[in-house]
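One structure is given below, encoded as structure tokens.
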Amino acid sequence: MTPSWVTDTFDAHVSGVDDLVELGLRRNPKRAHLLVSTVLGKHIPTPPSRVRGAANDLGDAVTGILDDETSTATVLGFAETATGLGHCVAERIGAARYLHSTRRAVDGAAVHGSFEEGHSHATTHLLQPTDADFLDTDPSVPVVLVDDEISTGRTAVEAIEALHGLHPHQRYLVASLVDMRDDGHRAECDAAATRLGVTIDFTALADGAIRLPDGMTERVVALDAPDLNPTAPTRGDVTFFTAGWPAAVPDGGRHGFLAADTAPFHRAVDDVVAGLSDVFAAGDQVTVVGHEELMYLPLCIAERLGSYGVDTRFQTTSRSPAHVRDQDGYPLRRGFAFPAPESRLRSASSSESKRPAEDTRYLYNVAEPGSDDIPSVLLVIDDPADTAALRADGGLLDVLSAAGHRVVVLTVPATDPARLSRSRTPSAQRIEPTGGPLRAPDFGSYAPSEVAWLLKDLSEYSLEGDVAERERRIQAGVAHYAESLPVEFQPGAAYLELFDATLTSSARRLALAVGTVAELILAERSSNPTLVSLARAGTPVGTLIARWIRATRRSQPAHYSVSIVRGRGIDAVALDYIAERHDPASVVFVDGWTGKGAIAKELTAALRVYEDGGGAHFDDELAVLADPGSCTRLYGTRDDFLIASACLNSTVSGLVSRTVLNDDLIGPGDFHGAKFYRDLMPHDVSNRFLDAVTAEFDAVFDQARADAAALRGADRTPTWEGWASVEEMQRRYGLSSINFVKPGIGETTRVLLRRVPWRILVRDADLPDHEHIRLLAAERGVPVDVVPDLAYSCVGLIKESV
């Protein structure tokens, strides 16, 4: 091994494994030395391709020994260091099942076995598969145990003895990156195999030897405490993202991972990373940091981010205290210490099982050793680690940001072992969507992190028809409005100039409404909501609410856009997708405004049908910017005011069409459909609209908080008075259906943009909020009548076909 500070100071030497490990020092009276892997991604940020490559090499070594037995094999990875390595090996060899040991005692998870690791900082390994039979395979099936290093082989033998006591097998194979056993240790392992009456093979990428001088442990213990938690002149920002994850797909091997889980696992990773693809720019240096045993998922995320051009490295936090020394040739140049985020969980150690675990955790380097770069950090955790301790002063986020790192926290729901077990029963199987979420740039013009469209892309189909003929067929009952699309009406230059002026003058009022309803959602529904916008008018509003939460709470909520169709209900496939990845109680449905309340009623009825059919329970309360119809308790205002996104069609809604639902194009397992109008991109103002409103957030923040507080103390019980007034309009004008009456500024604008209007009713002849309506009516030759007793500021009436 190349001489280093450790070898020069302590005369400690390692040989035979120079390409795989460097020598470091532990702060542990049981063992002074630490073999720091250069390919594992634990203590050193490592290119994910190098981590995967070393694991694949180890998997190939396993295959060389087991030959055609790999597809039936069970693989066990050792916590905490080899949980990801073991998963990589299991995937490489195509093993039937994978499990890693754990030191986290999970509520609701039975412990089906345990073993000890004597030299470790935390000694007890628990086995928590979803059921006791997970490891009960045919005795002839080989069991592969994976660790990063074999020092003496005693931990491996203890694990084999524990497994053999539960479910005996004839053959065990211990695979590691490096094997440091001497002849005496090898003889002990052979004797254990004879005692158990089994075959125990060992394989490693390299065999090595270590020479430690007498008294080294005492000398290392006497060293001064390391200088941890470096600081930088500029503190880095911290933001939070919540990822969806399918409940039926394990996030790793803690509760068991089957070969059949591999494909859905990687699809889920693709979904997660697609939502982060614009958070980092191509060429950015990013260290993806997993948390302790959560290693494989962060590794896969690092790999996928690399496919977007991000310069990624991978590593994880650790339980093990080590000495840090900023000196050439020493692998641990920087170090961070912080309280264990999961302090509310119980320790896995039998000696500590009656008290909360309060011990310290560590993270080393983050930047490559010896580098002056300060990379961004993508911290990947599961929700049990997303605690006050994580965010507190001195917590992991605090010490990383104090060192100058920009930190993005990605929280993934931890696998619920009971729910995972239930999902594997045949009766629990549900139809999987035939496609995943759509995101820009492939679909829509919003940033990938701002919305996931749960829609089927129908852009290649010609679905638009003549507006008058389409209206005639809908009113004749031979076609439903969602089976086709209206031609996208593009207003003239004068109207677009008016849109710009309207947006400028109304942005602050819009921002206030966004902030008010967002604060109500956070206070009354969820501090970490899952926003589900009703496509398409709800999508820009949901995006703005998500932006408010990010701006004021540094947290980016998950945001989906789904289809709801009057008379046909909400997209049940989309609801299944969301319920499988998020707590349904966190879901808040979002729309732009209420007219007479038809969509609010449709949502309530559709969610009841969905639940009665065996689906999850969702709260039907609709969040909107404006609620002039008094249909909901979650609103920014009940004034019928101009929302600029109502003034245009797709060019202010991400270039996405209205949703489509017809039997020719939408089959079982399909989301409802929509088109992406790429040809309209030169005319797109979707992000200009968002940015103009977002720019006013700071100016309205205090007022929005105050207005939300006032509303919380007020009686907001819906009266549905808008519906009653619309019924009166229907009678007054002799219309055959209430659906021909479209109340409010937003709905009136829609009539002029998409339908065949008969006449427009306004309460005031010259109201500034109606200027765009008057212009559209003039362009289309539609009369405008002044009706002083209107309940709304304006109403659009649709022409009945003769």
| said: Could you report the tightest heavy-atom contact between Val565 and Ala482, atom names first, then the distance? | reply: CG1-CB, 3.5 Å

| So which of Asp261, Asp131, Asp133 actually passes salt bridge (Lys or Arg N to Asp or Glu O under 4.0 Å) with Arg424? | Asp261

| task | Applying salt bridge (Lys or Arg N to Asp or Glu O under 4.0 Å) between Arg104 and each of Glu342, Glu293, Glu292, Glu80, report the one that passes. | result | Glu342

Would you compute the distance between atom [atom1] of [X] and atom [atom2] of [Y] and round it to the nearest 0.5 angstrom?
X	Y	atom1	atom2	value
Leu622	Leu534	CG	CG	6.0 Å
Arg550	Ser555	CZ	OG	9.5 Å
Ile381	Leu297	CD1	CG	12.0 Å

Once ring pair (Phe, Tyr, Trp, His ring centres under 6.0 Å) is applied, do any residues pair with [X], and if so which ones, sequence neighbours excluded?
X	answer
Phe671	none
Phe314	none
Tyr446	none
Phe115	Phe78, His125

Report all side-chain donor-acceptor pairs from residues 433-444 shorter than 3.5 Å, counting only partners two or more places apart or in another chain.
{"unit_1": "Thr434", "atom_1": "OG1", "unit_2": "Gly669", "atom_2": "O", "d": "3.4"}
{"unit_1": "Thr434", "atom_1": "OG1", "unit_2": "Asp670", "atom_2": "OD1", "d": "2.4"}
{"unit_1": "Arg439", "atom_1": "NH1", "unit_2": "Pro448", "atom_2": "O", "d": "2.5"}

| task | Check the angle between the aromatic planes of His582 and Tyr560 and answer parallel, tilted or perpendicular using the 30° and 60° thresholds. | result | perpendicular

| query | In terms of ring plane angle, is the pair Trp245 and Phe265 parallel, tilted or perpendicular, where the classes change at 30° and 60°? | reply | perpendicular

Can you list everything that forms a side-chain contact (heavy atoms from CB on, under 4.5 Å) with [X]? Sequence neighbours excluded, please.
X	result
Ser657	Leu485, Ala674, Lys675, Tyr677
Thr287	Pro45, Val289, Arg313, Gln315, Val366, Pro375
Arg304	His266, Val269, Asp270, Val273, Cys300
His164	Pro168, Tyr172, Leu196, Val198

| NZ or CZ of Arg391 within 45° of Phe240 ring axis and under 6.0 Å | yes

| said: I'd like to know if the side chain of Asp664 pairs up with that of Tyr461 as donor and acceptor (distance under 3.5 Å, no hydrogens or angles considered). | reply: no

| said: A side-chain contact here means heavy atoms from C-beta on lying under 4.5 Å apart; do Thr604 and Arg608 qualify? | reply: yes

| Pairs satisfying side-chain hydrogen bond (donor to acceptor under 3.5 Å, both in side chains), at least one member in residues 565-575, at least two apart | Glu483-Arg568

| message | Treating Thr387 as the side-chain partner and Pro341 as the backbone partner, does any N or O pair qualify as donor plus acceptor under 3.5 Å? | response | yes

| task | Pick out which of Ile599, Leu607, Leu531 makes a side-chain contact (heavy atoms from CB on, under 4.5 Å) with Phe589. | result | Leu607

| field | Set of residues satisfying salt bridge (charged side-chain N to carboxylate O under 4.0 Å, His left out) with respect to Glu611, sequence neighbours excluded | value | none

| Any residue meeting side-chain hydrogen bond (donor to acceptor under 3.5 Å, both in side chains) with Ser449, in chain and number order, not counting sequence neighbours | Asp278

